[in-house]
Amino acid sequence: MKTVLVTGGSGFIGANFILKARHHNWFNVVNLDKLTYASNPKTLDSLESDSGYDFCRGDIADSQQVSALLNQYQPDAVINFAAESHVDRSILSPEDFIQTNILGTFRLLESCKAYWEKRSESQPSTFRFLHISTDEVFGSLGPDDPAFHEETSYAPNSPYSASKASSDHLVRSYHHTYGFPILTTNCSNNYGPFQFPEKLIPLMILNARDKLSLPIYGDGQNIRDWLYVGDHCEAIQLVLQQGRLGESYNIGGNNEVTNLEVVQQICTRLNQLLPKENFDYASLITFIKDRPGHDRRYAIDSTKIQRELGWVPQESFESGLSKTIQWYIEQTDWIEQVRSGAYQAWIQQNYDDARSIEASDSSP
Ligand code: NAD
Ligand code: DAU
């Protein structure tokens with residue numbers, strides 16, 4: 001592959017992917033991103049003078065713009081990272097999720113299908129469309145349920161996961177109906193550098209650093225299967241290059257951890273890295289009202305990608321978390337940029353509406 005169009009490449013996972021792709025010279029990248037609140041163009045500053053990287057601000061739902069880009073750059077593949085991605089925001093205001101995740105994906109599929117059909121007239125058809133999705137489409141597991149595998153039925157529980165499930169179905173249908181060459185990945189919770197600090201891990205690191213409360217929803221016993229973002233990016237590259245067309249691949253870290261444990265681990269590391277006299281960061285832990293419809297447990301069975309493509313995650317949760325905490329402590333400029341006025345307003349809306357049910361100043 002010479003050139004790949006990446007959508008949503010200024011967000012967390014997309015940017016990590018682009019940095020890796022250019023670092024290893026996997027291919028040239030054109031990044032189409034709307035630059036919503038969740039993005040930070042500064043993340044990709046290091047590619048400013050890279051002739052193998054181009055940026056275009058725009059919306060995947062803008063068919064004219066997408067078609068023009070496809071015709072201009074003639075990419076060999078499109079990877080669709082673009083999405084509204086935060087569950088809490090989807091609960092408070094779902095409309096943007098419908099607009100980008102469903103309508104946007106539909107329009108992107110239409111533009112790419114037209115491009116693929118035209119391109120197939122003049123050259124052998126090697127084009128691929130890789131759709132990046134989530135394990136949340138499978139719903140919630142009980143404590144003894146087996147992990148999600150590719151054949152697990154979809155049962156999305158939030159407006160976010162319902163919108164992602166819709167997009168997955170659309171992508172699948174374009175293969176089934178038109179033979180359009182698609183691949184889908186369903187990944188578990190990512191963490192690592194450049195994640196917007198509305199998500200659990202960066203929010204907790206930065207709140208703790210600033211001695212703010214660490215708000216845990218419900219009883220803190222919800223379980224997520226954490227994967228370091230670099231491992232996710234390697235998996236995406238493998239699926240892009242070697243995945244079987246029409247297939248979906250589950251990607252997970254095999255790291256099932258409760259939210260309370262995640263936050264306690266962050267506090268333990270901060271006690272070592274940024275010690276303060278007579279102070280334990282865990283004393284900031286506060287249990288607040290649960291997220292409505294909160295999924296209890298996610299776990300991913302990655303057997304298929306391991307067996308077919310030889311993918312194995314390199315980072316343990318311990319090593320990945322240490323790297324991530326170190327990164328957030330050091331990157332003060334990047335953090336100040338994303339914590340704008342709009343960010344402060346969101347934090348207030350989500351956490352300050354008398355949601356605290358139990359303020360605790362000691363670790364549970
Ligand atoms: P993010 O919110 O950090 O970034 C999303 C990016 O998409 C932003 O740069 C934003 O500006 C851009 N964008 C939004 N709407 C757009 C539009 N209409 N047109 C063009 N660009 C648009 O998200 P992320 O965490 O990097 O997630 C990327 C993808 O991976 C999403 O599809 C998400 O559903 C999926 N995913 C995320 C995780 C996770 O843990 N973060 C896990 C599994 C799957
Ligand atoms: O599983 C993959 C998904 O992981 C992705 O598809 C989503 O884009 C991504 O945002 C993430 O969804 P979650 O809802 O699992 O992630 P979040 O970081 O928002 O929350 C992780 C867990 O922590 C969840 O159980 C809710 C809890 N939580 C979260 C926040 C922000 C808290 O207890 N307190 C908080 O303040």
Side-chain angles (χ1 to χ4, degrees), residues 6-17 31-41 43-44 56-62 65-66 79-91 96-97 99-101 103-105 107-108 131-138 140 148 157-158 160-161 163-164 167-168 185-192 194-204 207 213-227 229 232 236 251-252 257-260 262-263 285-291 294-300 338 347 350-351 355:
V6 168
T7 72
S10 301
F12 166 47
I13 306 174
N16 274 285
F17 181 81
N31 173 15
L32 170 69
D33 197 295
K34 192 176 169 184
L35 298 186
T36 69
Y37 79 92
S39 65
N40 185 357
T43 306
L44 295 167
C56 177
R57 183 172 191 178
D59 190 331
I60 55 169
D62 182 341
Q65 189 183 17
V66 173
I79 310 180
N80 183 30
F81 290 93
E84 290 294 333
S85 70
H86 191 36
V87 174
D88 290 323
R89 286 185 190 256
S90 85
I91 293 167
D96 288 346
F97 290 73
Q99 181 62 35
T100 283
N101 300 359
L103 194 61
T105 303
R107 295 242 177 92
L108 182 67
H131 179 60
I132 306 300
S133 192
T134 167
D135 61 356
E136 299 202 12
V137 296
F138 299 118
S140 183
F148 302 130
N157 287 321
S158 70
Y160 163 69
S161 53
S163 68
K164 290 296 291 186
S167 67
D168 292 10
T185 54
N186 293 90
C187 188
S188 60
N189 285 62
N190 283 216
Y191 67 101
F194 302 116
Q195 186 167 32
F196 193 75
E198 64 187 352
K199 306 279 169 69
L200 181 74
I201 289 183
L203 180 85
M204 295 297 165
N207 275 18
S213 87
L214 307 179
I216 297 190
Y217 298 157
D219 62 4
Q221 294 307 308
N222 302 67
I223 291 173
R224 298 294 182 262
D225 177 356
W226 293 97
L227 179 70
V229 65
H232 186 189
I236 290 169
I251 305 169
V257 193
T258 66
N259 294 337
L260 182 58
V262 169
V263 178
I285 290 175
T286 306
F287 291 90
I288 66 167
K289 198 171 124 194
D290 210 353
R291 171 188 276 176
H294 199 174
D295 285 339
R296 194 65 175 168
R297 173 178 166 237
Y298 302 145
I300 277 273
V338 295
I347 291 291
N350 197 45
Y351 297 98
R355 296 190 62 191

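Start at 1 with the first residue, then count along the sequence. Counting convention: from 1, in listed order, for ligands and their atoms alike. Any value given below was found using the heavy atoms of this structure, including those in side chains, with hydrogens, waters and symmetry copies removed.
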Subject >> Close-contact set for ligand 2 against I216 heavy atoms, below 4.0 Å >> reply: 33 (O)
Subject >> Between S158 and S161, a side-chain donor and acceptor under 3.5 Å >> reply: yes
Subject >> Ring geometry between W226 and Y191 (parallel below 30°, tilted from 30 to 60°, perpendicular above 60°) >> reply: perpendicular
Original post:
What residue and heavy atom of the protein are closest to atom 18 (N) of ligand 1, and at what distance?
Top reply: D59 OD1, 2.9 Å
Original post:
Where do D135 and F148 come nearest, in terms of heavy atoms and distance?
Top reply: O-CE1, 3.8 Å
Original post:
Any donor and acceptor pair, going by atom type alone, linking the side chain of Q65 with main-chain N or O of R57 inside 3.5 Å?
Top reply: yes
Original post:
Can you check whether N80 has an N/O within less than 3.5 Å of an N/O in ligand 1?
Top reply: no
Original post:
Roughly how far apart are C187 SG and I236 CD1, rounded to 0.5 Å?
Top reply: 7.0 Å
**OP:** May I ask you to list the atoms of ligand 1 that are less than 4.0 angstrom from any heavy atom of N189?
**Re:** 40 (O)
Original post:
Can you name the one residue among Q195, K199, H232 that meets side chain to side chain donor-acceptor pair (under 3.5 Å) with N190?
Top reply: H232
**OP:** Show which atoms of ligand 1 fall inside a sub-4.0 Å distance from at least one heavy-atom site of G58.
**Re:** 19 (N), 20 (C)
**OP:** Mark up the atoms of ligand 2 that fall under 4.0 Å of a heavy atom belonging to L203, in ascending order.
**Re:** 36 (O)
Original post:
Do we see a donor-acceptor contact under 3.5 Å between the side chains of N80 and T7?
Top reply: yes
Subject >> Protein contact of atom 18 (O) of ligand 2 - nearest heavy atom, named by residue and atom, plus distance >> reply: L200 N, 2.8 Å
Original post:
In terms of atom number and element, which parts of ligand 1 are under 4.0 angstrom from non-hydrogen atoms of A38?
Top reply: 2 (O)
Subject >> Residue, atom name and distance, where the atom is the protein heavy atom closest to atom 5 (C) of ligand 1 >> reply: A83 O, 3.5 Å
**OP:** Report, in ascending order of atom number, the atoms of ligand 1 lying under 4.0 Å from any heavy atom of L35.
**Re:** 11 (O)
Original post:
Heavy-atom distance to atom 16 (O) of ligand 2: which of I201, T134, N189 wins?
Top reply: N189
**OP:** Would you check whether S10 reaches within less than 4.0 Å of ligand 1, judged by its heavy atoms?
**Re:** yes
**OP:** Specify the protein heavy atom at minimum distance from atom 23 (O) of ligand 1: its residue, its atom name, and the distance to 0.1 Å.
**Re:** S85 OG, 3.3 Å
Original post:
Between H86 and ligand 1, which part of the residue brings a heavy atom under 4.0 Å of the ligand: side chain, backbone, both or neither?
Top reply: neither
**OP:** Using a strict cut-off of 4.0 Å, indicate which atoms of ligand 1 neighbour a heavy atom of Y160.
**Re:** 33 (C), 34 (O)
Subject >> Numbering as shown, the atoms of ligand 2 that approach Y351 to under 4.0 Å (heavy-atom distance) >> reply: 30 (C), 31 (C), 35 (C), 36 (O)
**OP:** For atom 20 (O) of ligand 2, grab the closest protein heavy atom and report residue, atom and distance to one decimal in Å.
**Re:** R291 NH2, 3.8 Å
Original post:
What protein heavy atom sits nearest atom 3 (C) of ligand 2, and how far off is it?
Top reply: E136 OE2, 2.9 Å
Original post:
Taking only residues two or more places apart in sequence or in another chain, which ones pass ring pair (Phe, Tyr, Trp, His ring centres under 6.0 Å) with Y298?
Top reply: none
Original post:
Taking non-hydrogen atoms only, is A15 closer than 4.0 angstrom to ligand 1 via side chain, backbone, both or neither?
Top reply: neither
**OP:** Could you tell me which atoms of ligand 2, counted from 1 in the order shown, lie closer than 4.0 angstrom to a heavy atom of Y160?
**Re:** 5 (C), 6 (O), 7 (C), 8 (O)
Subject >> Chi angles and distances behind the side-chain contact (heavy atoms from CB on, under 4.5 Å) call for Y37, R89 >> reply: CA-CA 12 Å; Y37 79 92; R89 286 185 190 256; 3.1 Å; yes
Subject >> Residue, atom name and distance, where the atom is the protein heavy atom closest to atom 15 (N) of ligand 1 >> reply: T100 CG2, 3.5 Å
Original post:
Closest non-hydrogen protein atom to atom 35 (C) of ligand 1, residue and atom name please, with distance?
Top reply: I132 CG2, 4.1 Å
Original post:
What atoms in ligand 2 come closer than 4.0 Å to a heavy atom of H86?
Top reply: 19 (O)
**OP:** For ligand 1, find out whether one of its N or O atoms is nearer than 3.5 Å to an N or O atom of A82.
**Re:** no
Original post:
Can you name the closest pair of heavy atoms from A61 and G104 and give their distance?
Top reply: CB-CA, 3.9 Å
**OP:** Tell me yes or no: between the side chains of D168 and S133, is some donor less than 3.5 Å from an acceptor?
**Re:** yes
**OP:** Consider ligand 1: state whether an atom of it lies below 4.0 angstrom from any non-hydrogen atom of S133.
**Re:** yes
Subject >> Gap separating the CG atom of N186 from the CD1 atom of I132, nearest 0.5 angstrom >> reply: 9.5 Å
Original post:
For atom 27 (C) of ligand 2, what's the nearest protein heavy atom and its distance?
Top reply: N259 ND2, 3.4 Å
Subject >> Closest approach of any protein heavy atom to atom 1 (O) of ligand 2, naming residue and atom >> reply: D135 OD1, 2.5 Å
Original post:
If every non-hydrogen atom of P215 is compared with every non-hydrogen atom of N207, which pair is closest and at what distance?
Top reply: CD-ND2, 3.9 Å
Original post:
Counting heavy atoms only, which part of S188 comes closer than 4.0 Å to ligand 1: side chain, backbone, both or neither?
Top reply: backbone
Original post:
Hey, is the main chain of G220 close enough, under 3.5 Å, to the side chain of N259 for a donor-acceptor pair?
Top reply: no
Original post:
When you measure from atom 21 (N) of ligand 1 to every protein heavy atom, which one gives the shortest distance, and what is it?
Top reply: K34 N, 3.1 Å
Original post:
Is a donor on one side and an acceptor on the other found under 3.5 Å between the side chain of N31 and the backbone of G9?
Top reply: yes
Subject >> Taking atom 9 (C) of ligand 2 as the reference point, the nearest protein heavy atom with its distance >> reply: S85 O, 3.9 Å
Subject >> Reported NZ-to-OH distance for the pair K289 and Y351, which is rounded to 0.5 angstrom >> reply: 13.5 Å
Original post:
Considering only the protein, which heavy-atom contact is closest to atom 31 (C) of ligand 1, and what is its distance?
Top reply: F81 O, 3.3 Å
Original post:
Is it true that D88 and R291 have a side-chain N and a carboxylate O under 4.0 angstrom from each other?
Top reply: yes
**OP:** Taking the six-membered ring for Trp and the full ring for Phe, Tyr or His, determine whether the centres of F196 and F12 are under 6.0 Å apart.
**Re:** no
Original post:
Is there a donor in the side chain of H131 and an acceptor in the side chain of T185, or the other way round, less than 3.5 Å apart?
Top reply: no
Original post:
Among R296, R297, Q195, H294, which one has a heavy atom closest to atom 24 (C) of ligand 2?
Top reply: H294
Original post:
Does the N222 side chain pair with the main chain of D295, one donor and one acceptor, at a distance under 3.5 Å?
Top reply: yes
**OP:** Write out the residue and atom name of the closest protein heavy atom to atom 43 (C) of ligand 1, then the distance separating them to 0.1 Å.
**Re:** C187 O, 3.3 Å
**OP:** Could you tell me whether G11 and ligand 1 have an N or O pair separated by under 3.5 Å?
**Re:** yes
Original post:
What residue and atom, counting heavy atoms only, is the protein's closest point to atom 34 (N) of ligand 2, and at what distance?
Top reply: P215 O, 2.8 Å
Original post:
Just heavy atoms, cut-off under 4.0 Å: does T7 contact ligand 1 by side chain, backbone, both, or neither?
Top reply: neither
Original post:
Can a salt bridge be assigned to the pair D290 and R296 using a cut-off of 4.0 Å between side-chain N and carboxylate O?
Top reply: no
Original post:
Which of the numbered atoms in ligand 2 are below 4.0 angstrom from a heavy atom of E198?
Top reply: 31 (C)
Original post:
Which protein non-hydrogen atom lies closest to atom 33 (O) of ligand 2, naming both residue and atom, and how far is it?
Top reply: Y217 N, 2.9 Å
Original post:
Counting only N and O atoms by type, is there a donor-acceptor contact under 3.5 Å from the side chain of S10 to the main-chain atoms of N40?
Top reply: no
**OP:** Pick whichever of I60, N190, T105 has a heavy atom sitting closest to atom 40 (O) of ligand 1.
**Re:** N190
